Amino acid sequence: MKIAALVSGGVDSSVVVHQLKEQGYDPTIFYIKIGMEDEHGYVDCPSEEDIEITDYIAKKYGCKFEIISLHDEYWENVVKYTIESVRRGQTPNPDMMCNKLIKFGAFEQKYGHEFDKIATGHYATTTIVDGKTFLSTAKDKIKDQTYFLGQINYMQLSKLMFPIGHLLKSEVREIALQQKLPSATRKDSQGICFLGKINYNDFIKRYLGEQEGPIIELETGKILGKHKGYWFHTIGQRRGLELSGGPWFVVKKDMEQNIVYVANGYDPELQYGKTVKLRGFEFLTEDVWNGLPEERDILFKIRHTPDFTQGRIRKENDLYIIESTEKIQGIAAGQFGVVYDTEAKLCLGSGVIM
RNA sequence: UGAGCUAUGGUGUAACGGUAGCACUACAGUUUUUGGUACUGUCUGUCUAGGUUCGAAUCCUGGUAGCUCAA
């Protein structure tokens, strides 16, 4: 079986190679470059170290190694999507789109189609139910990354392998140490991948500029201060408002008038909601509810959090609507709502929060 | 050029004449493969010049600034 392993130079994907070799496979290693190094003078320093380590891994295990650039594809799809989403006042999720469009999209078209399987270092598993493959959660419930995979489709899913999905993070580190992999003690990556060390707000500013507008307390209509553009703030956000007498949380944005609305206190009611409306909902594997004629109990996430939230889902025309059991903080349009079964095992599908 | 009141970090506020504390912000870490949340930590202050006192943010005097009321 021909396997392509996507390796980034981090611990997780390094251990993926080890696991595959242990299982008797001989994967071809791909390092995907997507950074902004050639854009506008930005330099993506980490990639050099990443490539070095990946190269070392490839040599150590005697694997074919290819460095490929999907920079243009990434720019055309993910970065453009991110900027457009922010411009509309929404909260994008570039990393989910990266999985859907780049790692399992553009990569598949250009290189992956020659392979039988694509292996990645995601903390996720697959489960076969009635002969069909479902995305399912990782053994390590805290590191579980199925949320970020919620947007992929069945074709993509059925070609994927997650060799470390049944391991705990601590076990992965342990293996890396035992094998003396140079990435064993590297810090986990975090933050939007293509930005590297670039500050998010600087990035947004470069493309959308600044436009001063008022910060208004939603309950009273009082003007409390100024912001530099609604696109710098997201629903549920506390930091960056520079208002005293808080804490203040962003609860609403008026894109027409460039107003950011806030609410005060540690637990402002307005910060919470119970209804999450999803548009463009797609099942990952298949419609497990046969059109959802009546409400179903589910678990879901509206962000990448360690915890699942309980709720009930129903369908209204094209929309899937989740009524949460508990109040949830920071329901931000543009983020994805990912739905799981009541066991928190199978990842069923996802849609965009309205 | 009348009277009264107030002056404490970036902001809002505490401190019987006895170690200037708290909250928010900002910053830095932790957590997190999305600008979120949460958690931990750090910085910055007694308007000014004198005086009383062992000791002044506190009491007294002048100055300066602001607010209120009169005009």
Side-chain angles (χ1 to χ4, degrees), chain A residues 6 8-13 32 34-35 46 50 78-79 81-83 85-87 89-100 102-103 120-124 138 140-151 164 169 186-196 198-208 215 224-251 253 260 262-268 271-273 301-307 309 327-338 350 352-353:
Chain A
L6 303 186
S8 67
V11 213
D12 298 334
S13 54
I32 303 178
I34 50 169
D50 290 339
V78 180
V79 178
Y81 145 81
T82 302
I83 294 168
S85 175
V86 171
R87 192 198 302 282
Q90 304 204 330
T91 309
N93 193 321
D95 290 351
M96 270 177 92
M97 294 308 260
C98 178
N99 284 331
K100 175 183 181 172
I102 304 300
K103 288 180 189 161
T120 73
H122 285 102
Y123 285 87
D140 192 325
K141 295 302 173 194
I142 293 177
K143 294 300 291 186
D144 177 65
Q145 285 169 327
T146 49
Y147 179 82
F148 288 106
L149 297 169
Q151 274 282 298
I164 60 165
K169 180 81 192 190
R186 286 189 95 193
K187 200 168 151 44
D188 288 0
S189 70
Q190 50 187 240
I192 303 172
C193 38
F194 71 92
L195 283 181
I198 299 155
N199 179 287
Y200 184 90
N201 282 341
D202 288 347
F203 171 74
I204 296 298
K205 185 175 160 187
R206 169 168 239 113
Y207 290 94
L208 299 179
I215 300 174
L224 301 171
K226 292 179 292 190
H227 65 261
K228 291 178 178 170
Y230 63 78
W231 45 89
F232 291 110
H233 300 92
T234 190
I235 303 295
Q237 187 169 2
R238 168 176 172 174
R239 309 215 121 200
L241 290 168
E242 302 186 5
L243 300 177
S244 60
W248 298 92
F249 295 90
V250 176
V251 292
K253 298 196 282 186
V260 170
V262 297
N264 184 297
Y266 274 100
D267 249 355
Q271 198 193 163
Y272 296 88
K301 290 185 181 185
I302 59 163
R303 287 183 174 279
H304 178 237
T305 50
D307 303 313
T309 311
K327 292 183 288 188
I328 40 181
Q329 192 261 358
I331 304 173
Q335 288 285 288
F336 294 89
V338 177
S350 69
V352 183
I353 297 171

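None of these values were measured; they are calculated from a predicted model. In what follows, chains carry the letters A, B, and so on, assigned in the order in which the sequence lines appear, proteins first and then strands, with residues in each chain numbered from 1.
A:Gly236 comes within 4.0 angstrom of the backbone, heavy atoms only, and of no base. When heavy atoms are screened at a 4.0 angstrom cut-off, A:Ser8 is found touching no nucleic acid atom at all. No contact: A:Ile142 has no heavy atom under 4.0 Å from any strand. Residue A:Gly240 is in sugar-phosphate contact alone, with no base atom involved, counting any heavy-atom pair closer than 4.0 Å across all strands shown.
Separating the NE2 atom of A:His233 from the P atom of B:U34 is a distance of 20 Å, rounded to the nearest angstrom. Atom-to-atom, CD1 of A:Ile328 to C1' of B:G36 comes out at 13 Å; the value is rounded to the nearest Å. In this structure, A:Lys143 atom NZ and B:U31 atom P are separated by 9 Å, rounded to whole Å. Taking atom CZ on A:Phe249 and atom P on B:G36, their separation rounds to 12 Å, with Å as the unit. Protein atom CD of A:Gln90 is 18 Å distant from nucleotide atom P of B:G36, rounded to whole Å. What separates CG of A:Leu243 from C1' of B:G12 is a distance of 12 Å, to the nearest Å. The distance from atom CG of A:Leu224 to atom P of B:G12 is 14 Å, rounded to the nearest whole Å. With rounding to whole Å, A:Ile353 atom CD1 is found 12 Å from B:U34 atom C1'.
When all heavy atoms are compared, the tightest approach of A:Val260 to A:Tyr230 is CG2-CA, 4.0 Å. Between A:Ala124 and A:Leu149, the shortest heavy-atom contact is CB-CD1, 3.8 Å.
Of the possible donor and acceptor atoms, none in the side chain of A:Lys103 sits under 3.5 Å from a partner among the backbone N and O of A:Lys100. In this structure, A:Tyr147 contributes its side chain and A:Phe336 its backbone to a donor-acceptor pair below 3.5 Å. Using modelled atom types, one side-chain atom of A:Gln237 and one backbone atom of A:Thr234 make a donor-acceptor pair closer than 3.5 Å. Remark: the backbone N or O of A:Gly245 is paired with a side-chain donor or acceptor of A:Asn264 at under 3.5 angstrom. A:Asp144 places a side-chain N or O within donor-acceptor distance of the main-chain N or O of A:Ala138, the cut-off being under 3.5 Å. In terms of modelled atom types and a separation under 3.5 Å, the side chain of A:Gln329 and the main chain of A:Gln271 share no donor-acceptor contact.
With both ends at atom C1', the span from B:G45 to B:U58 equals 16 Å, rounded to whole Å. Nucleotides B:A23 and B:C54 have their C1' atoms positioned 35 Å apart, rounded to a whole Å. Taking atom P on both B:U44 and B:C22, the two are 13 Å apart, rounded to the nearest angstrom. Here the separation of B:G41 from B:U46, taken at their P atoms, is 25 Å to the nearest Å. Spacing between B:G66 and B:U53 at atom P, rounded to whole Å, works out to 35 Å. Comparing the C1' positions of B:G2 and B:A56 gives a spacing of 32 Å, expressed to the nearest Å. When the P atom is used for both B:U11 and B:G63, the distance is 26 Å, rounded to whole Å. Taking the C1' atoms as reference points, B:U6 lies 38 Å from B:U40, given to the whole Å.
If A:Tyr147 and A:Trp248 are placed on RNA chain B by their nearest nucleotide, the residue sitting closer to the 5' end is A:Trp248. Each of A:Gln145 and A:Gly330 was assigned the nucleotide of RNA chain B with the nearest heavy atom; the assignment lying further toward the 5' end belongs to A:Gln145.
Here the side chain of A:Arg239 is nearest to one of B:A38, B:U33, B:C27, namely B:C27. Taking every side-chain heavy atom of A:Arg238 into account, B:U25 is the closest of B:U11, B:U25, B:U34. Each of B:G10, B:U33, B:A38 was ranked by its minimum atom distance to the side chain of A:Ser244; first place goes to B:G10. The side chain of A:Lys103 has B:U33 as its nearest neighbour among B:U11, B:A38, B:U33. Of the candidates B:G36, B:U34, B:A26, B:A26 carries the atom nearest the A:Glu242 side chain, counting heavy atoms from C-beta on. The A:Arg303 side chain lies nearest to B:U34 when the options are B:U37, B:U33, B:U34. The nucleotide whose nearest atom lies closest to any side-chain atom of A:Thr305 is, among B:U25, B:U33, B:G36, B:G36. You'll find that the side chain of A:Pro247 is closest to B:U25, out of B:U11, B:U25, B:U37.
By the 30° and 60° cut-offs, the orientation of the rings of A:Phe148 relative to A:His304 is tilted.
When the shell of 6.0 Å around NZ of A:Lys169 is examined, it contains more than 12 heavy atoms from other residues, nucleotides or ligands. For A:Lys226, the NZ atom sits in a loose shell: 12 or fewer heavy atoms of surrounding residues, nucleotides or ligands are nearer than 6.0 Å.
When each of A:Ile302, A:Ile235, A:Val352, A:Thr91 is checked for a side chain to side chain contact (heavy atoms under 4.5 Å, CB included) with A:Gln335, only A:Thr91 meets the rule.
With hydrogens and angles ignored, no donor-acceptor pair closer than 3.5 Å exists between the side chain of A:His304 and the base of B:U33.
Near RNA chain B, meaning a heavy atom under 4.0 Å from it, residues 331-338 of chain A has A:Gln335 in order of number.
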Next on the checklist: Wobble G-U and Watson-Crick pairs count when both distances are under 3.5 Å; given that, what is the 5' to 3' dot-bracket string of RNA chain B, with | for pairing to other strands?
Outcome noted: .((((((..((((....[..)))).(((((.......)))))....(((((..]....)))))))))))..
